[in-house]
There are 2 protein chains.
Amino acid sequence: MDDTAPSDVPLRLTAAHRQLLDQVLDKWSLQVLDALCEAPRRFNELRREIPVVTQKSLTATLRRLERNGMIERVVLSTRPVAVEYRLSPVGAGLQDLIDALYHWTANVLPAVDRARARFDGDTADGR
Amino acid sequence: MDDTAPSDVPLRLTAAHRQLLDQVLDKWSLQVLDALCEAPRRFNELRREIPVVTQKSLTATLRRLERNGMIERVVLSTRPVAVEYRLSPVGAGLQDLIDALYHWTANVLPAVDRARARFDGDTADGR
DNA sequence: CCGCATCCTAAAGGATACTG
DNA sequence: CAGTATCCTTTAGGATGCGG
């Protein structure tokens, strides 16, 4: 993976980059990827694990992640049919990023809560 | 900020973490933060820079980021009024993450394009 | 210049029923 | 078990006009 010249890149997100991030970092995708980072999962395992996702949203999310090459869909020829979803090599590269996001949120969450309380308290003054 | 014990955390995203990420990593927020990483901006500067954002969406995004303590809103007492938005200390911690996201997307984008073409080509077979 | 309020459309997403 | 199809509600977000 040629990751040279990390300092002279424009460092602004282009449309193509944002489109990819939008398809991969949305609400449901994050949770699916988070689960698959741990181990491959079957469809209904994900459904149970993700709390309140509907079948429709989960299907759409899995299809989108598959289309973008983040996950692989493996049909096991058992009876009845079983389908397993697992991280692709490309998708596996997301582990570190999700990890970093997790640690960042964990660190700032207290400060964020304070900021929210402060903001919500400022309702009657000179805004 | 105590950033100890990075290895024995459960590493699963909780509802509170995801809610924060949802408020900060959405389509418009990413672009606003990306711009503010470079330098503070005025309202209409952001509007011009973000291409197709409407006033309503930009206002909503800025309010949400301000509420979560990611950015600070500074009213300059000029004539007419000028308002400057800048990254808060907490929000500044996002620079590295946005950076990491950028580099990841830049690296995988070719592979993603291939995956998309392959997926979209598989339309008539046994799916 | 900055932003709020209103209206309205388009898209996401839930509920439910049915199929290989 | 792993979906597809349909309907229907909720929300995001664009357009426009006004106010501080």
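An OP1 or OP2 oxygen of C:dG3 is reached within less than 4.0 angstrom by a side-chain nitrogen or oxygen of B:Arg63. Distances shorter than 4.0 Å separate none of the side-chain N or O atoms of A:Ser57 from OP1 or OP2 on C:dA12. Taking only side-chain nitrogens and oxygens, B:Arg42 comes nearer than 4.0 Å to OP1 or OP2 of C:dC2.
Taking atom CG of residue A:Leu46 and atom P of nucleotide D:dC1, one finds them 13 Å apart after rounding to whole Å. Across the protein-nucleic acid pair, B:Arg47 atom CZ and D:dA15 atom P stand 10 Å apart, rounded to whole Å. In this entry the distance linking CG of A:Leu58 with P of D:dG3 reads 9 Å, nearest Å. Remark: P of C:dG13 and CG of A:Leu62 are 14 Å apart, rounded to the nearest angstrom. Whole-Å rounding puts the A:Arg64 CZ to C:dA12 P distance at 9 Å. Distance B:Lys56 NZ to C:dC7 P: 12 Å, rounded to the nearest Å.
When atom types are taken as modelled, the side chain of A:Glu49 and the backbone of A:Leu46 share no donor-acceptor pair closer than 3.5 angstrom. No donor-acceptor pair under 3.5 Å is formed between the side chain of A:Ser29 and the backbone N or O of A:Leu25.
Comparing the end axes of the helix from C:dC1-D:dG20 to C:dG20-D:dC1, each fitted to five base pairs by superposing C1' atoms of four pairs onto the next four, gives an inter-axis angle of 50° (nearest 10 degrees).
Within residues 22-31 of chain B, the residues having any heavy atom closer than 4.0 Å to DNA chain D are, in order of number, B:Trp28. Residues from residues 76-88 of chain B that place a heavy atom under 4.0 Å from any atom of DNA chain C, listed by number: B:Pro80, B:Val81, B:Val83, B:Tyr85.
Each of A:Phe43 and B:Thr54 lies near DNA chain D, and the nucleotide nearest A:Phe43 is the one positioned closer to the 5' end. Heavy-atom distances to DNA chain C give each of B:Arg48 and A:Val53 a nearest nucleotide, and the one nearer the 5′ end belongs to B:Arg48.
In this structure, the side-chain contact (heavy atoms from CB on, under 4.5 Å) partners of B:Lys27, at least two apart in sequence or on a different chain, are A:Asp22, B:Gln31.
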| message | Using side-chain contact (heavy atoms from CB on, under 4.5 Å), reason through A:His103 and B:Leu97 one step at a time and then give a plain yes or no. | response | CA-CA 11 Å; A:His103 284 112; B:Leu97 288 173; over 6 Å; no
| request: Using the side-chain contact (heavy atoms from CB on, under 4.5 Å) rule, take B:Asp26 and B:Arg64 through it: C-alpha gap first, then chi angles, then the decisive distance, then the call. | output: CA-CA 11 Å; B:Asp26 65 287; B:Arg64 188 172 49 243; 3.4 Å; yes
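For the atom pair B:Arg47 CZ and B:Arg42 CZ, the distance stands at 14.0 Å (nearest 0.5 Å). Between the CD atom of B:Gln55 and the CG atom of B:Asn44 there is a distance of 9.0 Å, given to the nearest 0.5 Å.
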Review item, side-chain donor-acceptor pairs of residues 77-84 of chain A, under 3.5 Å, at least two apart:
| residue | atom | partner | partner atom | Å |
| --- | --- | --- | --- | --- |
| A:Thr78 | OG1 | A:Pro80 | O | 2.8 |
| A:Glu84 | OE1 | A:Arg86 | NE | 3.4 |
| A:Glu84 | OE1 | A:Arg86 | NH2 | 2.4 |

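With hydrogens and angles left out, the side chain of B:Gln55 and the base of C:dC4 share a donor-acceptor pair within 3.5 Å.
Sorted by first and then second residue, the pairs that involve residues 15-42 of chain A and meet ring pair (Phe, Tyr, Trp, His ring centres under 6.0 Å), not counting sequence neighbours, are A:His17-B:Tyr102.
Looking only at side-chain heavy atoms (C-beta outward), B:Thr59 and B:Lys56 stay at 4.5 Å or farther from each other.
Hydrophobic clustering, with ILVMFWY side chains joined whenever heavy atoms are under 4.5 angstrom apart, groups A:Met70 together with A:Val75.
A salt bridge between A:Arg18 and B:Asp34 is absent, with no side-chain N of the basic residue lying under 4.0 Å from a carboxylate O of the acidic one.
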